[in-house]
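Encoded as structure tokens, the structure appears first; notes follow it.
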Amino acid sequence: MKLSTKGRYGLKATVDIAMEYGRSRLSVNQLATKQAISEAYLEQLIASLKKAGILESVRGSAGGYTLSRPPEEISVGEVLRALEGTTALIECVGTEGTDCGNVCSCSARPLWLKLQKRIDDVLNTTTIKDLADDYSVQLERNNK
């Protein structure tokens with residue numbers, strides 16, 4: 001599995017939003033500045049996250065983006081699937097159908113399935129709160 005910039009930047013933006021959960025909302029401008037990416041690109045990522053029910057927006061002077069649920073209820077896997085579509089290591093272990101004619105006789109498929117299960121386990125049990133907590137510790141270390 002190779003994550004695109006959509007997955008990487010979208011996950012980072014989600015963590016930034018989680019860091020402010022319950023206190024304030026972040027605008028696209030604030031998020032784009034933190035990420036050092038264009039607002040237009042970030043808006044595309046946010047649209048995917050809103051469509052998936054991960055983010056919500058509020059208009060007005062105190063407006064911006066916030067998580068739709070507490071960060072401990074949103075998994076990294078949910079965010080990445082909203083942005084990337086799939087987290088499959090290779091096509092033959094994904095949830096979509098496969099065009100591979102060797103799927104039933106492939107000697108390596110059991111390995112790919114084991115790897116995919118471990119990847120899914122990590123992505124589905126790691127929450128956005130876990131990432132935000134780890135990031136807070138990292139920021140504290142860097143500011144000392």
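All values derive from a computational prediction rather than experimental measurement. The basis for the numbers below is simple: all heavy atoms, side chains too, and nothing from hydrogens, waters or symmetry mates.
Ala47 pairs by the side chain to side chain contact (heavy atoms under 4.5 Å, CB included) definition with nothing, not counting sequence neighbours. In this structure, the side chain to side chain contact (heavy atoms under 4.5 Å, CB included) partners of Asp130, at least two apart in sequence or on a different chain, are Thr126, Thr127.
Atom CD in Gln35 sits 9.0 Å away from atom CG in Leu45 (nearest 0.5 Å). The distance from atom CG of Leu131 to atom CD of Gln138, rounded to the nearest 0.5 Å, is 10.5 Å. Glu84 contributes atom CD, which lies 10.0 Å from atom OG of Ser48 (distance to the nearest 0.5 angstrom). Taken from OH in Tyr9 to CG in Asp16, the straight-line distance is 12.5 Å, to the nearest 0.5 Å.
Ile17 and Thr66 make their closest contact through CG2-CA, 3.6 Å (heavy atoms, listed as atom of the first residue, atom of the second, distance). The two residues Met19 and Ser136 come nearest to each other via the heavy atoms CE-OG, 3.2 Å. The minimum heavy-atom distance linking Tyr21 with Pro70 is given by the pair OH-N, 3.4 Å. Residues Leu80 and Gly7 approach most closely at CD2-O, 3.7 Å, considering heavy atoms. When all heavy atoms of Lys6 and Tyr41 are compared, the closest pair comes out as N-OH, 3.1 Å. Across every non-hydrogen atom of Ile54 and Ala82, the tightest pair is CD1-CB, 3.9 Å.
Two different hydrophobic clusters hold Val122 and Ile128 under the rule that ILVMFWY side chains link at heavy-atom gaps under 4.5 Å. Linking Ile, Leu, Val, Met, Phe, Trp and Tyr residues whenever their side-chain heavy atoms come within less than 4.5 Å places Leu11 and Leu139 in a single cluster. Note on Leu3 and Leu49: same hydrophobic cluster, where clusters join Ile, Leu, Val, Met, Phe, Trp and Tyr whose side-chain heavy atoms are under 4.5 Å apart, directly or indirectly.
Side chain of Glu43 to main chain of Ser38: no donor-acceptor pair is present (N/O by atom type, distance under 3.5 Å, no hydrogens or angles). Under the 3.5 Å distance criterion, the side-chain polar atoms of Glu56 are left unmatched by any main-chain donor or acceptor of Ser68.
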Please set out all donor-acceptor pairs under 3.5 angstrom arising from side-chain atoms of residues 24-32, sequence neighbours excluded.
residue, atom, partner, partner atom, Å
Ser24, OG, Glu20, OE1, 3.1
Arg25, NH1, Ala62, O, 3.3
Ser27, OG, Asn29, N, 3.4
Ser27, OG, Gln30, N, 3.0
Ser27, OG, Gln30, OE1, 3.3
Asn29, ND2, Glu39, OE2, 2.8
Gln30, OE1, Ser27, N, 2.7

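Salt bridge Asp133/Lys129: present, at least one basic N to carboxylate O contact under 4.0 Å.
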Test log, rule side chain to side chain contact (heavy atoms under 4.5 Å, CB included), inputs Leu67 and Thr14 = CA-CA 8 Å; Leu67 299 177; Thr14 304; 3.9 Å; yes
request  = Show the numbers, then the answer: is there a side chain to side chain contact (heavy atoms under 4.5 Å, CB included) between Asn124 and Arg81?
outcome  = CA-CA 11 Å; Asn124 294 330; Arg81 284 187 295 277; 3.1 Å; yes
